[in-house]
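Have a look at the structure below before the remarks.
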Amino acid sequence: MTESNLLHELIAHSARRTPEALALTHGSASLSYGELERLVAQLAAGLMRRGLQRGERVAIYLEKRFECVIASFAAPAAGAVFVPLNPLLKPEQVAFIMQDCDVRVLVTSPDRAGLLAPVLGLCPALRQLVLTDEAAPRERPAIDVPCLDWREVLDGPAQAGHRVIDTDMAAILYTSGSTGRPKGVVLSHRNMVAGAKSVASYLENTAQDTLLAALPLSFDAGFSQLTTAFHVGARVVLLNYLLPRDVLKAMEREKVTGLTAVPPLYIQLAQLDWPSSVAERLRYFANTGGRMPRETLGLLRQRAPDSLPYLMYGLTEAFRSTYLPPAEVDRRPDSIGKAIPNAEILVLREDGSPCEAEEPGELVHRGALVGLGYWNDAEKTAERYRLLPKGAPGREAGLQLPEYAVFSGDTVRRDAEGFLYFIGRRDEMIKTSGYRVSPTEVEEILYATKMVGECVAFGVDHASLGQVIQVIATAPEASSSLDIAGLLAECRRRMPAYMVPAGVEQQNGPLPRNPNGKIDRKLLSAAWLERASA
């Protein structure tokens, strides 16, 4: 198999091996590897003809469709950096990300561009919009930024991209941060290609596989469906689904052999009757984004008894860290497994020394998958990406150059056989529906409504969603009562669905503070849980 070093080479090398093999399917249409390679090259050349420079950022704000994938690989093929934006994000959130990383080009549809029109003025670096659907001049959104049609950008002579190497930036994936603002995880070509090779090796992907892309492509695990498939020449089916049954229909129709999803979707799928053809063809199902409930795992294995279950743990900052081999699932279903190929997972004490067996410590990831830090955020980068201490495994005393690793903030333990078990998170991130949500980000949006005085958000365990968001708030100064129904309606207008609080409780102010003068989130959440369980 030809070696790939740069992200777009995953497509190019598969195209050279089997140009007629199908690479992508969306609805009733498909693209072969040869066609996909050609379109990626055409878009990369078109962006360069319009002045795109090495390392500049290209944002993509689209649902899963061919253009979304083409743009994601064309930007790095040109020597630039792609920034995938979750299509569920609201305009204000999109504008923050685009402003944060100085996006030069935005690839989107006319409808989505119209939604963004009021906030694009907040993005001074934005130079061009590429609109994926043809729109008559009178239907184009009223935007001051020059708009180009997708086909117009594709039309033109071939042109080689700027020279880049595998340690250069390829992508910035934004994830919620504990400060309330999304953090941009910078990934290199090496990070993404090494991740593709590692995952494809333990999932034993081949060119005969058909993978279902059910997760958002703005997720590392969602985008991984593309990279792992393209590495081996497999096919990816792009799916924007409304109901869990749509997933089963797609799996049946497209003869899917591999499915990666998050626990909330698996919980829903496990409750449905599976067509026999789905179970017969599905070679494996893989879990990411949170712990799979035992009951759900058992039901899934009943639905697809011949499918191999892979339980995984990962970090956007290092793509993926561990997996549990299917042969170990019955023996240790609560384990997150061992390190994936070409990665090393350490369990360290606070002083940096290795923990003994069964001793809790921090999970630390070292190796080729460790990202390049958070974009434009030195403080948060210093917290999460740190130098490995002397004496850490793999760090011999004679080594003079430092090595950075990802310190996850998660507490784990390692048993005597080397299998890891997740204990808890050190930060206050809320894991809901497979998303990591910052409570502070929720609070900032609540404050922006001007419908609360003080507020605090926290996660509450939920049987099917992992956690849901609960809010405690005081009424604004001008009112004696909180308009909870109105506040939730405003949240639905301003937030993605997964971020909308499941409940809001009014409390008389001021809310209690900790010794640092901050609202005491832990005290309030503990008191709420005590009341809820009484």
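When reading the values below, keep in mind they use all heavy atoms of this one structure, side chains included, and skip hydrogens, waters and symmetry mates.
Side chain of R54 to backbone of R163: a donor-acceptor contact under 3.5 angstrom is found. For N240 (side chain) and K64 (main-chain N/O), a donor-acceptor pair under 3.5 Å exists by modelled atom type.
Aromatic ring centres of F82 and F223 lie closer together than 6.0 Å. With ring centers used as reference points, F230 lies under 6.0 Å from Y33.
In summary, E92 and K90 do not engage in a salt bridge, as defined by a charged side-chain N under 4.0 Å from a carboxylate O.
The neighbour count for R151 CZ, taken as heavy atoms of other residues, nucleotides or ligands under 6.0 Å away, does not exceed 12. The 12-atom threshold is not exceeded at OH of Y404, counting heavy atoms of other residues, nucleotides or ligands nearer than 6.0 Å.
A pairwise comparison of heavy atoms in M48 and G161 identifies SD-CA, 3.3 Å as the closest pair. Of all the heavy atoms in R104 and L126, the pair that sits closest is O-CD1, 3.6 Å.
Counting heavy atoms from C-beta on, the side chains of H365 and F407 never come closer than 4.5 Å. Taking 4.5 Å as the limit, some side-chain heavy atom of P496 sits within range of a side-chain heavy atom of Q93. Inter-residue side-chain proximity for H231 and T228 is flagged as unmet; no heavy-atom pair is nearer than 4.5 Å.
One side chain, Y374 or E317, offers a donor N or O that lies under 3.5 Å from an acceptor on the other.
Under the 30°/60° scheme for interplanar angles, the aromatic rings of Y202 and Y323 are found to lie parallel. F422 and Y313 have tilted rings, their planes meeting at an angle from 30° to 60° on a 0 to 90° scale.
With rounding to the nearest 0.5 angstrom, the CG atom of L131 is 8.5 Å from the CG atom of L106.
With sequence neighbours excluded, no residue forms a ring pair (Phe, Tyr, Trp, His ring centres under 6.0 Å) with Y241.
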